Amino acid sequence: MSTLTIDKPLANVIVIGAQWGDEGKGKITDLLSKSADVVVRYQGGVNAGHTVVVKGQTFKLHLIPSGILHPETQCIIGSGTVIDPGVLIQELDQLESLNISTRNLLISETAHVTMPYHRLIDRASEERRGIHKIGTTGRGIGPTYADKSERTGIRVLDLMDAVSLRQQLHRTIASKNVILEKLYDLPPLDPEAVIEEYLEYADRLRPHVVDSSLKIYEAVQRRRNILFEGAQGTLLDLDHGTYPYVTSSNPVAGGACVGAGVGPTMIDRVIGVAKAYTTRVGEGPFPTEIHGEMGEILCDRGAEFGTTTGRKRRCGWFDAVIGRYAVRINGLDCLAVTKLDVLDEVEEIKVCVAYDLDGKRCEDFPSNARHFAQCQPIYKTLPGWKRPTDQCRTLDDLPRQALDYLKFLAELMEVPIAIVSLGASRDQTIIVEDPIHGPKRALLYTNGSPITAEV
């Protein structure tokens, strides 16, 4: 049985989602964290969730980086995240109750804070959209980022200063109450109650608060191995995703530099995580979505329900068009393919190789949302393997059809596959080669001929 061992330095690596999120980044980050000195969460908020299974025990993390399950790894919540302190404290308490130490968790003093009015406005505005709703989680993430952009937000460092917090919140809540009452017909918030609640949060979080950009830079100077962990996925990126059905931050690799506070020259590798099929939570176009029995089969076998909201995920076939787009936007060096085992019982497997857009073949992701909604998938059908793969630990263990399927995906994406996940547990993983260094001679094909690609 093979397990993940990386003897060479991990260097500074970004792990991103190559689809619409929910690809299994938590597991991949957890695996790679074994060799990381520092794990940094660089964007998103409690609207994202990572599920990690260790020795049969399931951990659901929302704000704390997945590396927290490795006791010697320092975990940093970067300034690009937005923090709901109440949820963060619940998460700390849960981990401590399971004997998971949180002493190595650091929180950026310049990260913005989600307030009660953010959650109220988020839910009310989504309800008002009616049939045009975006599908937000209602956790206040968009309004928090909106206040950040308007330069009216509350930051963690403001929580640490009672005088400053009182001044800012009295002023801010007065204006937010006008919106709540006049626009959404909701009762106003009591500023003093909010202030007292958040000052209690501040007391609990104070020992963890630091200048995170400085801490990361010091780790770079000491040649520490740093892993940057994003939330959501490429197609939910505010600038490069399926707008307006996107999140309010930048999950793409470039967002790691901004959200963590590091320069791009400090990044050595970018690893993309993609399911062996495709899922999407919430609203918006989804060309390869499967309706009917097969979609239900993938949902049931893959346990496709949101970590944060419990919402049922929409399931579809693998989409190589958005896959190639993710490679381009993120500069991916290699892929981790997850949930291959979910396809074990499927007779025939479809892969979207291109779109039909108004009678024309389209192989590139269209930026125009209206055009994307009109895209029809052009499929290549491959035979299934009809055998369980969850116990496979090497490529040689895989059925030939499963290996052919992975090779086909790598050829379409034009990027090597370094990791194959066959279940939620750490050991249900095939490490093709060192995913950070080492030449990729397996699973990268051009016109049927294997080539070597350094990553």
Side-chain angles (χ1 to χ4, degrees), residues 16-17 21 25 39-50 61-66 75-92 105-126 134-160 165 168-169 172-173 176 194 197-198 201-202 204-205 208-213 216 228-233 236-239 241 246-252 254-261 282 306-309:
I16 63 96
K25 297 182 296 298
V39 179
V40 182
R41 166 75 178 275
Y42 62 84
Q43 52 77 224
V46 297
N47 57 334
H50 289 167
L61 304 171
H62 300 277
L63 282 167
I64 298 176
S66 303
C75 291
I76 298 176
I77 300 176
S79 60
T81 57
V82 294
I83 296 171
D84 186 323
V87 175
L88 177 55
I89 289 169
Q90 289 175 9
E91 203 164 316
L92 288 168
L105 176 69
L106 302 179
I107 303 169
S108 172
E109 62 185 3
T110 54
H112 279 249
V113 178
T114 296
M115 306 299 295
Y117 47 79
H118 292 136
R119 294 190 293 270
L120 291 169
I121 291 172
D122 191 4
R123 294 165 189 159
S125 62
E126 180 76 346
I134 294 172
T136 76
T137 60
R139 302 302 177 94
I141 306 305
T144 309
Y145 276 112
D147 278 5
K148 177 179 179 178
S149 295
E150 289 183 352
R151 293 157 291 180
T152 59
I154 304 295
R155 298 191 291 177
V156 171
L157 59 85
D158 296 315
L159 290 189
M160 303 300 119
L165 184 67
Q168 290 191 63
L169 279 183
T172 300
I173 290 177
K176 297 297 182 182
V194 174
E197 176 187 357
Y198 276 71
Y201 295 152
R204 175 69 186 278
L205 298 178
H208 299 278
V209 177
V210 297
D211 181 340
S212 62
S213 178
I216 296 168
F228 297 88
E229 173 190 36
Q232 290 97 22
L236 290 180
D237 187 90
L238 179 61
D239 293 297
V246 293
T247 193
S248 303
S249 58
N250 295 107
V252 295
C257 295
V258 178
T307 302
T308 298
T309 63

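Note: hydrogens, waters and symmetry copies are ignored here, and every other heavy atom, side chains too, is used. On a predicted model such as this, the values are computed, not experimentally measured, just so you know. All residue numbers in this chain count up from 1 along the given sequence.
- Side-chain contact between Glu91 and His62: present, with at least one pair of heavy atoms (C-beta onward) separated by less than 4.5 Å.
- Of the possible donor and acceptor atoms, one in the side chain of His118 sits under 3.5 Å from a partner among the backbone N and O of Met115.
- In this structure the side chain of Thr247 never reaches within 4.5 angstrom of the side chain of Leu238, judged on heavy atoms.
- When all heavy atoms of Pro85 and Tyr201 are compared, the closest pair comes out as CG-CD1, 3.5 Å.
- With a 4.5 Å cut-off on side-chain heavy atoms, Asp147 and Ser149 do not count as touching.
- With a 4.5 Å cut-off on side-chain heavy atoms, Thr172 and Tyr117 count as touching.
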*Go through the steps to decide whether Asp237 and Val246 satisfy the test side chain to side chain contact (heavy atoms under 4.5 Å, CB included), and finish with yes or no.*
CA-CA 6 Å; Asp237 187 90; Val246 293; over 6 Å; no

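- Considering all non-hydrogen atoms of both residues, Ile107 and Ile83 come closest at CG2-CD1, 3.4 Å.
- The CD atom of Glu109 sits 12.0 Å away from the CG atom of Leu159 when rounded to the nearest 0.5 Å.
- For the residue pair Tyr198 and Pro116, the shortest heavy atom distance occurs at OH-CD, 3.3 Å.
- When atom types are taken as modelled, the side chain of Tyr42 and the backbone of Ser79 share no donor-acceptor pair closer than 3.5 angstrom.
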_Step-by-step side-chain hydrogen bond (donor to acceptor under 3.5 Å, both in side chains) determination, Glu229 to Ser66_ = CA-CA 8 Å; Glu229 173 190 36; Ser66 303; 2.7 Å; yes

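- Atom CG of Asp84 and atom CZ of Arg119 lie 5.0 Å apart (nearest 0.5 Å).
- The two residues Arg155 and Val113 have their closest heavy-atom pair at C-CG2, 3.7 Å.
- The distance from the CG atom of Leu88 to the OG1 atom of Thr114 is 11.0 Å, given to the nearest 0.5 Å.
- In this structure, Arg41 contributes its side chain and Gln43 its backbone to a donor-acceptor pair below 3.5 Å.
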*Please test Asp158 against Gln168 for side-chain hydrogen bond (donor to acceptor under 3.5 Å, both in side chains), starting from the C-alpha separation and ending with a verdict.*
CA-CA 9 Å; Asp158 296 315; Gln168 290 191 63; 2.9 Å; yes

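- Atom SG of residue Cys75 and atom CG of residue Leu61 lie 9.0 Å apart, to the nearest 0.5 angstrom.
- Among all heavy-atom pairs drawn from Ile76 and Pro65, the shortest one is O-CG, 3.7 Å.
- Scanning both residues, Gln232 and Pro251, for their nearest heavy atoms gives CB-CG, 4.0 Å.
- Taken from CG in Leu165 to CD1 in Ile154, the straight-line distance is 6.0 Å, to the nearest 0.5 Å.
- In this structure the side chain of Ile16 never reaches within 4.5 angstrom of the side chain of Val252, judged on heavy atoms.
- When Val156, Leu105, Leu106 are each tested for a side-chain contact (heavy atoms from CB on, under 4.5 Å) with Ile77, only one passes: Leu105.
- Atom-to-atom distance recorded for Cys257:SG and Asn250:CG is 11.5 Å, nearest 0.5 angstrom.
- When atom types are taken as modelled, the side chain of Ser212 and the backbone of Ser108 share no donor-acceptor pair closer than 3.5 angstrom.
- When atom types are taken as modelled, the side chain of Asp122 and the backbone of Gly140 share a donor-acceptor pair closer than 3.5 angstrom.
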